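Everything on this sheet refers to the single structure shown next.
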Amino acid sequence: MSVTVARKAGLIDTETPWPTLKALVGDGLVTYLTDRGEQGARGQDHHPFITNLGRRLISLPEVDETPASQTLTAAFAARGIVVEVEHDDSGNNHVVYRRGDVEAHFYRCIWGPAKTTHSATHPAWMHDSSWYGGIRHAGDRREIILPVGTGLAAESERMAELFAAWLAANTGHRN
């Protein structure tokens, strides 16, 4: 089965005939998503991915479809840090913190052949690169870059922990 050896988890990476894909989509076994994990986004390439229903049918384990941003915002909220999800004109989305002269953006980088984009709202199962944090404060820029492979929950906790420590050390803000 092509999804078990695909270059991305759950991607249907073979030359599946269009009528077959259309039928699989109609039955809820396949869905089309962008690299940011979105359905129906205009101006972006869409790729066929197997759904959890399709996974159950072929005895593959289900994947977590929770938006990754929910895990990260919960980690921030547990530390009293108020953030929100924003979208830009290019279709990118990110978790944002703004207070006083501090602005921080958190997201997962998506490297493509033509350009790099980013996402925070991708499904948890698509979180295949670590969170990136870009911070602007008093005209200065800082980055928080985490190691890859520790998992969404651990990365979210670590990012919130590091940002909370940075806030306390550099601004005196506790949130």
Side-chain angles (χ1 to χ4, degrees), residues 7-11 31-47 49 51-52 61-175:
R7 62 183 161 79
K8 283 187 174 181
L11 177 65
T31 189
Y32 278 86
L33 300 174
T34 67
D35 288 334
R36 295 181 182 104
E38 300 168 328
Q39 290 180 323
R42 292 183 178 187
Q44 298 179 41
D45 289 338
H46 290 76
H47 313 283
F49 286 90
T51 63
N52 274 336
E62 290 190 25
V63 292
D64 185 357
E65 294 179 336
T66 306
S69 57
Q70 288 182 13
T71 305
L72 184 58
T73 56
F76 282 128
R79 290 161 177 79
I81 299 172
V82 178
V83 295
E84 51 189 47
V85 176
E86 294 183 357
H87 299 264
D88 66 23
D89 294 338
S90 300
N92 295 311
N93 54 72
H94 33 267
V95 172
V96 178
Y97 171 90
R98 286 190 186 89
R99 182 169 174 197
D101 61 353
V102 177
E103 182 173 324
H105 295 245
F106 304 92
Y107 51 83
R108 160 189 157 252
C109 292
I110 304 167
W111 292 274
K115 65 179 181 175
T116 300
T117 60
H118 60 268
S119 169
T121 60
H122 53 281
W125 65 266
M126 283 185 112
H127 194 80
D128 57 0
S129 62
S130 64
W131 287 119
Y132 165 85
I135 305 167
R136 282 184 255 152
H137 172 248
D140 194 19
R141 292 179 186 252
R142 296 278 184 228
E143 294 179 316
I144 301 174
I145 302 171
L146 299 176
V148 176
T150 60
L152 176 61
E155 287 175 14
S156 297
E157 287 296 321
R158 185 68 176 143
M159 181 60 77
E161 177 185 313
L162 291 171
F163 184 63
W166 181 90
L167 274 175
N170 291 279
T171 69
H173 297 172
R174 293 282 177 207
N175 59 19

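Since the structure is predicted, the reported quantities are computational estimates derived from the model, not experimental observations.
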Using the side chain to side chain donor-acceptor pair (under 3.5 Å) criterion, which residues pair with Arg36? Sequence neighbours excluded. Gln44, Asn92

Centre-to-centre under 6.0 Å for Phe49 and Trp125, is that the case here? yes

Please name all residues satisfying side chain to side chain donor-acceptor pair (under 3.5 Å) with His122, sequence neighbours left out, ordered by chain then number. Ser119, His127

Run the salt-bridge test on Arg158 and Glu161 with the 4.0 Å N-O cut-off and return the result as yes or no. yes

State, with a plain yes or no, whether a side-chain heavy atom of Arg98 is found less than 4.5 Å away from one of Arg136. no

Might you confirm whether atom CZ of Arg142 has over 12 heavy atoms from other residues, nucleotides or ligands at distances under 6.0 Å? no

Is there side-chain contact between Asp128 and Arg108, with heavy atoms separated by less than 4.5 Å? yes

Can you tell me which residue among Tyr107, Trp131, Phe106, Tyr132 is in a ring-ring contact (aromatic ring centres under 6.0 Å, His included) with His118? Tyr107

About how many Å separate CG of Asn93 and OG1 of Thr121, when rounded to the nearest 0.5 Å? 3.0 Å

Contact between Asp35 and His47 at the side-chain level, heavy atoms closer than 4.5 Å - yes or no? yes

Any side-chain heavy atom of Leu162 sitting closer than 4.5 Å to one from Leu146? yes

Within the distance-only criterion (no hydrogens, no angle test), does the side chain of Thr51 pair as donor or acceptor with the backbone N or O of Thr31 below 3.5 angstrom? no

How many angstroms lie between OG1 in Thr71 and CG in Asp64, if you round to the nearest 0.5 Å? 6.5 Å

Before we go on, tell me: are the rings of Tyr97 and Phe163 under 6.0 Å apart, centre to centre? yes

Taking only residues two or more places apart in sequence, or in another chain, which ones meet Ser90 in a side chain to side chain donor-acceptor pair (under 3.5 Å)? none

Candidate pair Tyr32 and His46, rule ring pair (Phe, Tyr, Trp, His ring centres under 6.0 Å), full reasoning: CA-CA 6 Å; Tyr32 278 86; His46 290 76; 7.4 Å; no

